[in-house]
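Here the structure is a predicted model, which is why all the values come from computation and not from measurement.
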Amino acid sequence: MGRGAQSLARVAVVVRAGAAPLFVLGLLSAAVGTLPPGLTGRRIGLLTGAALFLIAAAATALVRRGRYLRFEAAATRAGRADFLQDRKVTLRTRRRARRLPLALAPLAAVGTSFVMPAAGGLLLAGVGAGLWAKAVWLGHRERVAETLFWVRADRAAAGPVAGQVEGFSTTGIAAGDAAPGGARRR
């Protein structure tokens with residue numbers, strides 16, 4: 001990590017930012033997707049959608065775990081001059097950066113319902129559930145290490161372990177306004 005003051009965003013909050021919108025929009029798309037009978041019929045569409053939900057949730061939760069673990073092992077302590085970004089700011093920034101995919105994904109899911117009802121929406125909801133599971137896993141890692149993981153906010157636009165991210169910074173467990181895993185602190 002570079003020297004000087006920098007803005008840091010919580011890794012778990014960045015991961016969690018897309019979970020709720022994708023899950024809710026996916027379920028709404030699946031509900032709307034059950035209206036047209038589709039080419040395959042509702043029963044096959046729902047069964048396929050349930051399988052896609054499970055596969056997408058598992059794949060999303062497990063993808064790039066090794067990179068997270070490598071960044072965790074090589075994490076450096078955040079500097080005194082570093083600015084810890086609020087949870088709300090991180091969520092708003094991340095969702096704003098992804099607003100076009102978040103708007104188009106439910107439309108595509110509803111569009112696929114004319115072929116296979118509800119399958120696209122359940123796939124979308126599975127991705128949201130997988131992101132939530134990944135944030136919970138990160139929260140567990142943070143509790144065990146008694147350390148919170150942060151990433152430079154300007155480099156986290158593509159994701160917390162994207163190519164331009166050099167590594168994680170760490171703080172104590174009480175830093176910031178988000179609990180381990182990215183949820184609101186109570």
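- For the pair G120 and A109, the tightest heavy-atom approach, listed with the atom from each and the gap, is C-CB, 3.5 Å.
- In terms of modelled atom types and a separation under 3.5 Å, the side chain of T48 and the main chain of L46 share no donor-acceptor contact.
- F23 and V32 end up in different hydrophobic clusters when Ile, Leu, Val, Met, Phe, Trp and Tyr side chains are linked at under 4.5 Å.
- For the pair R141/L69, a side-chain contact is recorded, criterion being any heavy-atom separation below 4.5 Å from C-beta on.
- When all heavy atoms of G33 and S113 are compared, the pair lying nearest together is CA-OG, 3.0 Å.
- Identified under the salt bridge (Lys or Arg N to Asp or Glu O under 4.0 Å) test for residues 10-28, with sequence neighbours left out: R10-E142.
- Without hydrogens or angle criteria, R87 side chain to V13 main chain gives no donor-acceptor distance under 3.5 Å.
- Using a distance-only test at 3.5 Å, with no hydrogens or angles considered, no donor-acceptor pair links the side chain of R95 to the main chain of T90.
- At least one side-chain heavy atom of F149 sits under 4.5 Å from a side-chain heavy atom of E72.
- Of all heavy-atom pairs between P21 and A17, the closest is CD-O, 3.4 Å.
- W132 shares a hydrophobic cluster with V136; the chain of contacts runs through ILVMFWY side chains whose heavy atoms sit under 4.5 Å apart.
- Transitive grouping of hydrophobic side chains (ILVMFWY, heavy atoms separated by less than 4.5 Å) keeps V14 and L91 in distinct clusters.
- In this structure, the side chains of P160 and V165 stay at 4.5 Å or more apart for every pair of heavy atoms.
- Rounding to the nearest 0.5 Å gives a distance of 14.0 Å between CZ of R65 and CZ of R70.
- To the nearest 0.5 angstrom, T60 atom OG1 is 6.0 Å from L131 atom CG.
- Of the N and O atoms on the side chains of T171 and W150, at least one donor lies less than 3.5 Å from an acceptor on the other residue.
- V127 and Y68 fall within the same hydrophobic cluster, defined by Ile, Leu, Val, Met, Phe, Trp and Tyr side-chain heavy atoms under 4.5 Å apart, directly or through other members.
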> Checking salt bridge (charged side-chain N to carboxylate O under 4.0 Å, His left out) for the pair D154/R152: CA distance, chi angles, key distance, verdict?
Replying inline: CA-CA 6 Å; D154 59 336; R152 283 183 52 176; 2.9 Å; yes
> Should L148 and T170 be marked as a side-chain contact (heavy atoms from CB on, under 4.5 Å) after you check the CA-CA gap, both sets of side-chain angles, and the distance that decides it?
Replying inline: CA-CA 5 Å; L148 299 179; T170 62; over 6 Å; no
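- No side-chain donor-acceptor contact under 3.5 Å links K134 to the backbone of V15.
- A distance of 10.0 Å separates CZ in R94 from CG in L102, rounded to the nearest 0.5 Å.
- Under a hydrophobic-cluster definition in which Ile, Leu, Val, Met, Phe, Trp and Tyr are linked whenever side-chain heavy atoms come within less than 4.5 Å, directly or via other members, F53 and L123 are assigned to different clusters.
- L52 CG to L47 CG: the interatomic distance, rounded to the nearest 0.5 Å, is 11.0 Å.
- Interatomic distance, D82 CG to L84 CG, rounded to the nearest 0.5 Å: 7.0 Å.
- Listed by chain and residue number, F168 satisfy the ring pair (Phe, Tyr, Trp, His ring centres under 6.0 Å) test with F71 (two or more places apart in sequence, or in another chain).
- Scanning both residues, P117 and P37, for their nearest heavy atoms gives CG-O, 3.1 Å.
- Of all heavy-atom pairs spanning V151 and G167, the tightest one is CG2-O, 4.2 Å.
- When atom types are taken as modelled, the side chain of T34 and the backbone of A31 share a donor-acceptor pair closer than 3.5 angstrom.
- At a threshold of 4.5 Å between side-chain heavy atoms, the hydrophobic network of Ile, Leu, Val, Met, Phe, Trp and Tyr places I173 and L8 in one connected group.
- Closest approach of A118 and A30 over heavy atoms only: CB-O, 3.5 Å.
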>> Quick one, T112 with M116, criterion side-chain contact (heavy atoms from CB on, under 4.5 Å). Give me CA distance, side-chain angles, the key distance, then yes/no.
In response: CA-CA 6 Å; T112 62; M116 193 170 290; over 6 Å; no
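- Under a cut-off of 6.0 angstrom, the local environment of CD in E146 is sparse, with at most 12 non-hydrogen atoms contributed by other residues, nucleotides or ligands.
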